[in-house]
Protein chains: 2
Amino acid sequence: MTNPSAPKKKASSEIPERTDIRTIARLANVSIATVSRTINRVATVNPKMAQRVWEAIEKLDFVPNTQARSLVSGRSKLFGLIVSEITNPFFPELIQGFEDIAVEHGYEILVSSTSYDPKRMSHCIRRMLERKVEGVAIMTFGIEEPLLVQLAKRKVPLVFIDFGPERPGISVLRVDYQHGIGQAVRHLAALGHRDIAFVTGPKRLHSAQSRLTAFMKSMSDFGIVPDSSRVVVGNHTLDGGAMAMEKLLSLKPLPTAVICSNDMSAIGVLHKLYRAGLSVPGDISIIGFDDIAIADVMMPPLTTVRMSRYDIAKAAFGALRSHVESPQESHCCREINISTSLVIRESTGAPRGSISPPRKGSV
Amino acid sequence: MTNPSAPKKKASSEIPERTDIRTIARLANVSIATVSRTINRVATVNPKMAQRVWEAIEKLDFVPNTQARSLVSGRSKLFGLIVSEITNPFFPELIQGFEDIAVEHGYEILVSSTSYDPKRMSHCIRRMLERKVEGVAIMTFGIEEPLLVQLAKRKVPLVFIDFGPERPGISVLRVDYQHGIGQAVRHLAALGHRDIAFVTGPKRLHSAQSRLTAFMKSMSDFGIVPDSSRVVVGNHTLDGGAMAMEKLLSLKPLPTAVICSNDMSAIGVLHKLYRAGLSVPGDISIIGFDDIAIADVMMPPLTTVRMSRYDIAKAAFGALRSHVESPQESHCCREINISTSLVIRESTGAPRGSISPPRKGSV
DNA sequence: CTGAAAGCGCTAACAA
DNA sequence: TTGTTAGCGCTTTCAG
């Protein structure tokens, strides 16, 4: 007992520096049970007593101790939220949504950004387990198998995005990449593009793979078989996008359009193009993915596939909550669909020479 | 006791579904005190026993319950971190730094984004109090007085940025706006600018005011007295910047340069200029403040005043930690200086007509 | 409807 | 050095 405010031994003449439920009970002249009931708004408490209790609480400015509460009730009212990269604007928007909803429902969240590092991820899962989270939303778009085991063993409700094991207590948010990316390809095709490149995300990221797959499928739907040199690996960061575009720039006939696995990559691409003195969409059309807030103020504003952070946050929280609060019917929400859709702005246009005769590619 | 794993009464033939310190003690054939000591790495435990304890822990995959631990020890190892706007990239970078440092030192953080809303702020302080945080970093660059009282009353160590009350247990991070903004003005003046506008942040934000003051002071250092029409109110968002620039655009002689109170505003300004068909820095020079990651990939890359998120995170954590772990010497760290400095990129140049004859604006 | 009492899982005197 | 024991602040049976 390091707690400095805790008296060593009970003594009748002790000054009660700490103000707990007992202090309130004494002041309100009721039992601690009544105080507890009042605070928890149990309907059966006599209004008169409740009134006295609230007054005492007000007067002493009492704040209940969540730790003690959780300890005895077995409910921490805490959810974990793991994201891969808090510096990618997509995630703060997601976190904000999740936090808003959680708080609204009386939950707190423990956020952790793992920077794609399995070590950090492992450590952070451990910490969450120690804090007795009631569920974890793993919004990293991919996870290492062993870490998963660590969590699943505990039977902590989990919600994944894109990819997760099929087990009770685990929900998966299925993002319909095909729809949005299909729209993107159709948009480009309608504009006259046939030579479309793709900047992927990190190879081990499941979501990045799904986006690529959706792209390939959409292309072949239009009878286009992209050759592999048009698919270049990025890493979902600004730099990664810039580097990917650099590679693309060295290609013999420059692709007339490029779709990126996320907006950060697309912005990197835009920047590299700016450096190269190429105009967008004049020389080349660009499409991103995510629709982060900044996409709208790029020069030019970025055409992109929107994936609603709010929908994701809401679905993730909902899944966790239903697992926690009604475990028996939790199977009903095992999979939730998240839709995506194209937002057309100004980074896409007809390819050079599609109407007027083709001319030499600049650069 | 809702806890479903908790047996109602002790019974000798109970299956111990829950694995706590007692279970470990039994398996390792030691007392619970020894288990506790082992976990807490108390040096005096017999290595042999410790070994047995660790094995049992390993075998049962035991994770200690932080809530119980905090409850008895009086140390939650939790810090609160309040930011104003998680969707402004400045903050995620700050959060990341703070989290890294905190975790490294065995602390957890509770993050909350208040969106400048005093109601949310109040609610979030309350929640943090309930969770028994040991300190709160209030990185909102401004706070309402009554909320402050709420916290100060509890004697929770606090660290503010820019502005905070002078009380024991409270540290303040003083940002040296004058240095960076002075550099910015000097840079512009050296380039030949005299007609420099300023886009402020929200009026009630202390930091925004300080930035404006630093600007005014720097201007007068160069003998320039900016007329008030050149100071336009923004709100530290993309939209706010765009709207501010719109106002500026209607000014009779367009200012030749504009300094913004933060990068988000500057990006909004850049975008509005792009819309207006004006070139940067050809027609007008722009300087931001913060140096968020995206500033470097703007078109053109934004000249801005850098304020290190990492320095702030480190200083904030350090202040909190020293208050918690050695309260007696906490007065030694009441004020910490944070420096700022100009990062020159490509959004600044000589004003039109200063050296070479003016040419038509490109688009 | 209210109060007394038994813990939640753990740490820290204190004694052995 | 190790074990025993008394709580941390709260919820929740269970009697009354």
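Order of the sequence lines sets the chain letters (A, B, ...), proteins ahead of strands, with each chain counted from 1.
- For the OP1/OP2 pair of D:dG3 and a distance below 4.0 Å, the side-chain nitrogens and oxygens of B:S31 include at least one atom meeting the criterion.
- Remark: the backbone N or O of B:S76 is paired with a side-chain donor or acceptor of B:E134 at under 3.5 angstrom.
- B:N46 has a side-chain polar atom (N or O) that falls below the 4.0 Å cut-off from OP1 or OP2 of D:dT2.
- The side chain of B:A33 sits closest to D:dT4 out of D:dT4, C:dG3, C:dC10.
- No engagement by A:V35 is indicated, since no non-hydrogen atom pair under 4.0 Å with the nucleic acid exists.
- In this pair, A:F317 and A:F98 present their aromatic rings perpendicular. The plane angle is above 60°, beyond the 30 to 60° band.
- When the side-chain nitrogen and oxygen atoms of B:S36 are compared with OP1 and OP2 of C:dC10, none of them lie within a distance under 4.0 Å.
- A:F163 is linked by a side-chain contact (heavy atoms from CB on, under 4.5 Å) to A:H206, counting only residues two or more places apart in sequence or in another chain.
- For B:S122 (side chain) and B:P118 (main-chain N/O), no donor-acceptor pair under 3.5 Å exists by modelled atom type.
- Distance from the side chain of A:A68 is smallest for D:dG9 among the nucleotides D:dG7, D:dG3, D:dG9.
- Under 4.0 angstrom from either OP1 or OP2 of D:dT11 there lies no side-chain N or O belonging to A:S73.
- DNA chain D forms stems at C:1-16 with D:1-16, each a run of 3 or more consecutive Watson-Crick or G-U wobble pairs whose two key distances fall under 3.5 Å.
- Here B:N40 reaches the OP1 or OP2 of C:dT11: one of its side-chain N or O atoms lies under 4.0 Å away.
- Contact annotation: B:T34 reaches the phosphate of D:dG3 (side-chain N/O to OP1 or OP2, under 4.0 Å).
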